[in-house]
**Q** 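Quick one: the structure is below, questions incoming.
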Number of protein chains: 4
Amino acid sequence: MRANPSKLPGMRRQPRQARSQERVNQILDVAEQMFIAEGYNATTTKAIAARAQVPIGSLYQFFPDKEAILQALATRYTEQLHQRFTKLHAAEITNLPLSTYVERVIDATNQFFTDYPGYHAIFMQVQGIMSELEAIETTVDVQLIRDWASYLSQRYSNWEHADYDAIAFVLVKAIGTLLWLSLSQEKSFRQHLVAETKRLTLSYLQSYFPDSLTRSN
Amino acid sequence: MRANPSKLPGMRRQPRQARSQERVNQILDVAEQMFIAEGYNATTTKAIAARAQVPIGSLYQFFPDKEAILQALATRYTEQLHQRFTKLHAAEITNLPLSTYVERVIDATNQFFTDYPGYHAIFMQVQGIMSELEAIETTVDVQLIRDWASYLSQRYSNWEHADYDAIAFVLVKAIGTLLWLSLSQEKSFRQHLVAETKRLTLSYLQSYFPDSLTRSN
Amino acid sequence: MRANPSKLPGMRRQPRQARSQERVNQILDVAEQMFIAEGYNATTTKAIAARAQVPIGSLYQFFPDKEAILQALATRYTEQLHQRFTKLHAAEITNLPLSTYVERVIDATNQFFTDYPGYHAIFMQVQGIMSELEAIETTVDVQLIRDWASYLSQRYSNWEHADYDAIAFVLVKAIGTLLWLSLSQEKSFRQHLVAETKRLTLSYLQSYFPDSLTRSN
Amino acid sequence: MRANPSKLPGMRRQPRQARSQERVNQILDVAEQMFIAEGYNATTTKAIAARAQVPIGSLYQFFPDKEAILQALATRYTEQLHQRFTKLHAAEITNLPLSTYVERVIDATNQFFTDYPGYHAIFMQVQGIMSELEAIETTVDVQLIRDWASYLSQRYSNWEHADYDAIAFVLVKAIGTLLWLSLSQEKSFRQHLVAETKRLTLSYLQSYFPDSLTRSN
DNA sequence: TATGAATGAGACTTCATTCAT
DNA sequence: GATGAATGAAGTCTCATTCAT
């Protein structure tokens, strides 16, 4: 159903030879590091090319402009996220208690942010850089929301009045933001934040179960 | 972009004369609009000065550099937010049911985003622009988190094992992100998102009440 | 733009195979269109190759560099002009009244400019592109001037003190310039210009006839 | 009736201070030389700035882009030409024999080309560079044609069926082209060309006098 | 103090030409 | 021979900031 995973949109030329593909990855890796370290605007195409050991002309043969590098990075993240989600839920789909499920999901997300520090770091900036609508479509989370909405609607098809898309949106964005922000907090506070994120998620999901009646303070 | 060797945070000079204060506000208003419309980087100091009808030289008397305008904008938001929070809670501190309280808070936050569209729009971009730690300190939310943590710890001092700072952090960031993102969604989905944000908040806070026991899926 | 160290004038290889000749013509046709439409400098060799459906590598087998394409174009024009001139004068050499001869020549020239709009359009630009002397030699008109001087010196060998080369030069350049410039004028003014060009030519040639005595204003 | 002569269109800023005006002239002088020597395209803005001893940034403060320099140069030529024409005809308007008038005009034009070698050299190239219509309006000759048409229509108001605009166009363009091209010819041929240009002009003008009847060859 | 002309490093991108396959 | 990916010097123009007036 998905497009060929190795087809990065925004790329000028589809490298067919190993050397080209290698170069594209070099460029992407370097760009990722530099975007994180210096910011998108402060990173020059010349510097990316230099650090990637690729002539600037070649860089522009693969990517029509600087923004296309960002696009390609986004696509790469999307693929990685989708894979992780699929793998996790393939295992998780069995009947685990909700609290355990939440635990696992948050931990996995946390791990993802550690493995790919650029994920949020880069795409926060991008909001104000790309043309508005494009940016929204580009937002890497879109695929993840789709995945999660699909999972929830299958697993908990009995929830009433549930808009699975909205729920998935809320989960992805809230968890994503909180865990990402937690990364730059002091260790002790960071742990609290992770714990609170789990509680937030759990209580939110629980609220959808029939026996979860309204309570007052 | 020449670096400023004597980098002073905030404003260079506290204008004491009415005309100066007026000019500073002019500049801030114009900068806010332009940062939203064009992005921080694409907005030139010259353009700000021109639209604000202030000579570029004068602009640089009030603000040591471009970033200082952002700082000043952040400060202004912080003050506005603090005021709103205080006003709201001054009234709200009376014993409203939690669900009503949540309702009011979310609606007020929503209103704030409508009144000050620059709030999130601008500070999302800024992450990658400012030096990392500085950016975090600058984040306007800091004051709001402080306010809310303080409020919660007074109001619900009986919660056990509660880290009010973490709770406030989670609330501010989750609510802020979700409502802000909801702004750019289609009306119908937007309304769902707001409703879900209320549910998220409510169930999270409820989870702190003693009678809120664990339930399985 | 790397200079070509072994600069060969004209074409690198005389294509002997039909396919090659076809490709060369394709290239020339496309180059002609693009030079007119976009200008010589704005037209890239890659674009010419692409539109001509010829690999860029092959283009460079036929033409040592971009300028050689211009040269080849010039040569092609020269041949076409020479043919037309010959054909016209083969018929015209009979004893037509001078006014009729002028009429026919101007009309034919006009037709040529319509048929080959690149003729002047391209070679005006070239002045500033090619090295000075080369440019002059390249000027396509050279052959035409030779043809005309030869014709005049045979037909009007009785003219005294006549420098047929200079006369032909004057005729070719004046007529060429005026008719070419007339092309971009409004229709009504254009017609006046053509008529004036005829008058200019006729009165100039008439001035060489013995009975054409000096008159005062 | 004409706009302020010191107002060069295409300029970004009207220099009010002596130093600025000096710089603009510096830039224009240097650009003129380089456009002649290397061609418009081969001349870089950086090189102009360097040779004019003006920072590149300042150059761009006076001229929005490279083409504006050409425009300014055109305007400068137009003014100079207009002045010369006016001066010459102020004296010439007295009743000189036509042949003498022609002699004087051609000689003066020749002198102009010697004094301002860039006049034709530059604007020949420009045809294919500027946007079409703009180029035509820009062409420096426009003012000269206007001047001459005006002069002729006053002096020879008795000519019948005469379109003074077309006549002036023909004269300016034919004389201009021939004399300019003569510059790059060998001395002896050059002299013939100048003589022929005079003959061309004289016989053309004479053809407008009543007693100038049609003659056959 | 107020002004705005001056500065120049550096950003992004292009393109004629080559040469390994 | 035929191909087209690779190359990198060089081009135009921007803009935050300063400082002489």
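What you see is a predicted model; the values in this text were computed from it and never measured. These values consider heavy atoms only, across backbone and side chains, with no hydrogens, waters or symmetry-generated copies. Note on naming: letters A, B, ... go to the chains in the order of the sequence lines (proteins, then strands), and numbering restarts at 1 for each one.
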**Q** State the dot-bracket string of DNA chain E. Criteria: Watson-Crick or G-U wobble, both atom distances under 3.5 angstrom; notation: ( ) intrastrand, [ ] crossing earlier pairs, | interstrand, . unpaired.
**A** .||||||||||||||||||||

**Q** Tell me the interatomic distance from B:E22, atom CD, to E:dA2, atom P, rounded to whole angstroms.
**A** 13 Å

**Q** In whole angstrom, give the distance that lies between atom CD1 of C:I27 and atom C1' of F:dT3.
**A** 14 Å

**Q** Counting just side-chain N and O atoms, does A:S58 come under 4.0 Å of either OP1 or OP2 of F:dA6?
**A** no

**Q** Hey, does the side chain of D:T45 reach the backbone of D:K66 with a donor-acceptor pair shorter than 3.5 angstrom?
**A** no

**Q** Can you tell me whether the side chain of D:Q61 and the base of E:dA5 have a donor-acceptor pair closer than 3.5 Å?
**A** no

**Q** Checking B:Y40 side chain against B:E67 main chain: does a donor-acceptor pair fall under 3.5 Å?
**A** yes

**Q** Nearest whole angstrom, please: distance from the C1' of F:dG11 to the CD of D:E38.
**A** 15 Å

**Q** Rounded to whole Å, please give me the gap between CG in A:L59 and P in E:dT14.
**A** 12 Å

**Q** Sort and list the pairs that fulfil salt bridge (Lys or Arg N to Asp or Glu O under 4.0 Å) and have at least one residue in residues 24-36 of chain B, not counting sequence neighbours.
**A** B:D29-B:R76, B:E32-B:R76

**Q** Please enumerate all residues that pass side-chain contact (heavy atoms from CB on, under 4.5 Å) together with D:A52, with sequence neighbours excluded.
**A** D:Q26, D:I27, D:V30, D:V54

**Q** Tell me: CD1 of C:I69 to C1' of E:dC15, nearest whole Å?
**A** 13 Å

**Q** Which atoms of nucleotides 11-13 of chain E (N or O only) lie under 3.5 Å from a protein N or O atom, and what are those distances?
**A**
from	atom 1	to	atom 2	distance (Å)
E:dC12	OP1	A:K66	NZ	2.9
E:dC12	OP2	A:T45	N	3.1
E:dC12	OP2	A:T45	OG1	3.4
E:dT13	OP2	A:Y60	OH	2.7
E:dT13	OP2	A:K66	N	3.3

**Q** Mind checking side-chain contact (heavy atoms from CB on, under 4.5 Å) for D:A37 and listing every partner two or more places apart, or none if nothing turns up?
**A** none

**Q** For C:S58, check side chain to side chain donor-acceptor pair (under 3.5 Å) against everything at least two apart and list the hits.
**A** C:R23

**Q** Mind checking side-chain contact (heavy atoms from CB on, under 4.5 Å) for C:A42 and listing every partner two or more places apart, or none if nothing turns up?
**A** C:E38

**Q** Taking side chain to side chain donor-acceptor pair (under 3.5 Å) as the test, write out the residues that go with B:N25, two or more places apart.
**A** none

**Q** Starting from P on E:dT17, measure out to CD1 on C:I48 and report it in whole angstrom.
**A** 11 Å

**Q** Phosphate oxygens OP1/OP2 of F:dT7: is one of them under 4.0 Å from a side-chain N or O of A:R23?
**A** yes

**Q** Taking side-chain contact (heavy atoms from CB on, under 4.5 Å) as the test, write out the residues that go with B:T75, two or more places apart.
**A** B:E79

**Q** Would you kindly compare C:G57 and B:G57 by the position of their nearest DNA chain F nucleotide and give the one closer to the 5′ end?
**A** C:G57

